[in-house]
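Read the structure below first, then the notes.
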Amino acid sequence: MVIKEIFTPDIAITWLPWAVQYFFMMGLAYASVWVATIHLFSQPKPDDRLLKLCACLMLTAGIVAPIALLADLHQPLRAWHFYAQVRPDSWMWYGAFLLPVFSGTSAVFAWLLLRQYLPKHTTNQDSDWVNKIGQLLRFGDWDSDKFIKPIAIITALSACSIALYTGMETMAIKARPLWHTYWLPPLMAMSALLAACGTLVVLNRLLTGYQQRTQDSLLLWVRASFGLFALCLIGWALFDKGSAPEAALLLETSPSWQLAAIWVLVTLAVLALMLAIRHLPNVAMLIVSLTAIHLAWGFRWIVLIQAQTDPKYGAGTYLYQLPWGPEGLLGIAGTFGLWLTLMALVSELIRHTPAAKLAR
Amino acid sequence: MDKSKRQFLGKMASVSVGAALIPVVQVYAQDDKRSPQMHSASEGQVGKRYGMVIDLRRCVGCQACTVACTIENQPPLGQFRTTVQQYEVSQQEDTTPPAFLMLPRLCNHCEKPPCIPVCPTGATFQRKDGIVVVNNEWCVGCGYCVQACPYDARFINHDTNTADKCTFCAHRLDAGLLPACVETCVGEARVIGDLNDPNSQISQLLATNKTDIKVLKPTANTAPRVFYIGMSSAFEHRISGQAPVRTLLTDTGEEIHHGH
């Protein structure tokens with residue numbers, strides 16, 4: 001039997017690019033918490049530069065992510081409705097509680113790591129207003145280092161809860177076969193780790209006080225996270241019974257999915273080849289990092305936006321064109337702009353004592 | 001004017017006034033009859049289980065239901081609570097001309113609706129008569145239910161910015177009327193009724209056509225309560241076929257993109 005669709009409606013996407021921004025920014029935040037915590041507990045003499053960069057990233061991305069999430073709600077002012085009843089069957093409802101916990105703990109963790117860089121209280125009249133704000137944010141000159149490790153454990157657990165809920169929230173949707181796979185949460189988490197490591201490399205370059213040692217250890221992190229992400233992707237392609245066949249079906253018929261597959265494979269190949277080089281020159285390291293960030297963001301775009309063009313009942317794929325406004329390009333640019341602004345603000349506050357050492 | 005003529009006109013006037021009052025009197029009579037069983041819009045009609053049978057042999061694809069629903073429920077331009085999708089069906093290497101299948105689509109008001117458990121605020125729920133509704137004053141517009149529906153029956157209403165869907169015209173059912181799509185169907189292809197009542201038209205239809213009753217995506221474990229008569233099993237699951245030329249329009253109706 002040959003069936004041709006003659007007249008069917010085109011279904012618009014429901015989760016907008018804001019969702020990609022939320023998943024991306026939140027991934028940066030929770031993965032940088034993991035990097036910082038693992039580093040703190042695995043190294044006898046932790047790299048202060050790495051911890052500083054992680055703190056900047058978890059703080060700024062951790063602020064931007066919930067804003068992007070609120071924007072993806074079509075009724076953001078009703079967000080308090082999440083807390084007005086019990087909905088134990090909804091992953092999103094659990095997320096509404098896990099997210100503020102993570103925002104709080106990651107902000108405290110970042111503050112503890114950055115506190116040593118905030119200017120100490122002085123009676124110097126010459127200090128500028130940024131310095132004065134920095135002094136205020138230090139909340140006195142008491143010793144807070146003993147709280148770092150306990151808070152690191154709590155924040156890392158909270159980061160795991162965010163990785164779990166964001167992955168499961170999407171995976172739980174049976175109606176979208178592309179999403180409904182247990183490979184999705186690990187794929188999301190590993191790509192988040194890859195993006196966070198790449199961003200940390202870029203931040204190491206951008207923020208004053210570049211450290212070669214930090215870049216060297218980050219290269220190991222990038223290699224490990226890329227390997228794990230690639231393994232998850234191969235595992236999904238080989239062993240998944242629902243999502244992977246659906247993707248194969250789309251590959252057969254849809255030019256946009258063919259393009260996406262070529263892009264993923266080429267990016268993976270470029271990264272694999274470059275990471276295989278034993279001593280990466282600094283420029284190559286920057287290219288690797290930017291490619292890793294772009295892969296993780298693009299992966300989220302394919303999973304969250306392009307997957308919504310896969311009809312649940314009809315044939316072919318639905319059309320989607322990125323709008324210019326807040327529901328499209330402006331939203332994406334705005335989120336990144338906000339993140340850059342926050343990064344500039346944080347780096348400005350901590351610039352006064354760039355060479356501080358943790359007293360451990 | 002003579003007296004008899006004046007009397008005649010006067011009588012005619014009183015008759016026409018009386019005729020004008022007839023519907024009003026009828027409406028009140030209906031209300032009086034119904035008032036002891038009044039129910040809240042969120043609770044629904046206790047004891048009933050609404051379902052719909054769509055007899056595809058009777059559907060001519062005129063889209064009168066689509067229009068009636070749009071007039072009744074006023075969704076934004078380009079968004080629909082119900083549509084009639086049209087397919088050309090032919091046999092491979094067949095010389096006979098292709099057949100056309102008209103497939104009316106709407107919310108299935110499933111017995112196990114996957115859209116309800118995912119809702120993080122409880123804004124969408126099932127009434128006691130089985131109708132799945134959305135409290136759009138409580139909905140946060142997260143779109144989670146839209147993703148969870150296997151039938152693409154839900155959408156985010158661009159005017160209210162909340163989840164929207166077919167309600168079986170619950171407001172009309174509660175007032176003793178038929179849903180707009182059922183009321184307007186020229187072929188009487190859509191039949192709505194109480195599945196709990198063995199004597200209802202829908203129960204009788206389901207019993208009579210027992211061997212020819214199908215639902216969409218029976219393996220999705222949703223137990224739909226919209227049943228189709230005369231549907232080929234090729235349409236039970238996701239269509240495996242050729243997609244139409246799709247066009248993407250701006251809000252003003254300007255074409256911005258099209259594809260196959």
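Below, chains carry the letters A, B, ... as their sequence lines are ordered, and counting in each starts from 1.
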Per-residue contact mode, [X] against chain A (heavy atom under 4.5 angstrom):
| X | answer |
| --- | --- |
| B:Leu101 | neither |
| B:Thr121 | both |
| B:Ala220 | neither |
| B:Asn157 | neither |
| B:Phe100 | side chain |

Under a 4.5 Å cutoff for heavy-atom pairs, which residue among [options] has the most contacts with chain A?
| options | result |
| --- | --- |
| B:Glu88, B:His237, B:Arg154, B:Gln147 | B:Gln147 |
| B:Gly78, B:Pro114, B:Cys119 | B:Cys119 |
| B:Ile156, B:Asp152, B:Leu216 | B:Asp152 |
| B:Pro117, B:Pro120, B:Ser232 | B:Pro120 |

Within this structure, what is the [atom1]-[atom2] distance for the pair [X] and [Y], rounded to the nearest 0.5 Å?
| X | Y | atom1 | atom2 | result |
| --- | --- | --- | --- | --- |
| B:Gln85 | A:Ile6 | CD | CD1 | 12.5 Å |
| A:Leu249 | B:Ser240 | CG | OG | 7.5 Å |
| A:Arg78 | B:Glu137 | CZ | CD | 7.0 Å |

Under 3.5 Å donor-acceptor, [X] side chain and [Y] backbone:
| X | Y | value |
| --- | --- | --- |
| A:Gln75 | B:Thr160 | yes |
| B:Tyr144 | A:Glu169 | yes |
| A:His74 | B:Asn161 | no |
| A:Arg87 | B:Val118 | no |
| B:Lys217 | A:Lys312 | yes |

Heavy-atom pairs under 4.5 Å with chain B are the metric here; pick the option from A:Gln85, A:Met1, A:His81 that has the most.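 Answer, by heavy-atom pair count under 4.5 Å with chain B: A:His81.
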Using a cut-off of under 4.5 Å for heavy-atom pairs, which of A:Thr14, A:Thr253, A:Val2, A:Asp72 has the most such pairs with chain B? A:Val2
What part of [X] is in contact with chain B, defined as an atom under 4.5 angstrom from a non-hydrogen atom: side chain, backbone, both or neither?
| X | result |
| --- | --- |
| A:Pro311 | both |
| A:Ile173 | side chain |
| A:Ala12 | neither |

Step by step, work out the side-chain contact (heavy atoms from CB on, under 4.5 Å) result for A:Ile11 and B:Phe155. CA-CA 8 Å; A:Ile11 310 276; B:Phe155 56 92; over 6 Å; no
Is B:Phe125 atom CZ crowded by more than 12 heavy atoms from other residues, nucleotides or ligands, each under 6.0 Å away? yes
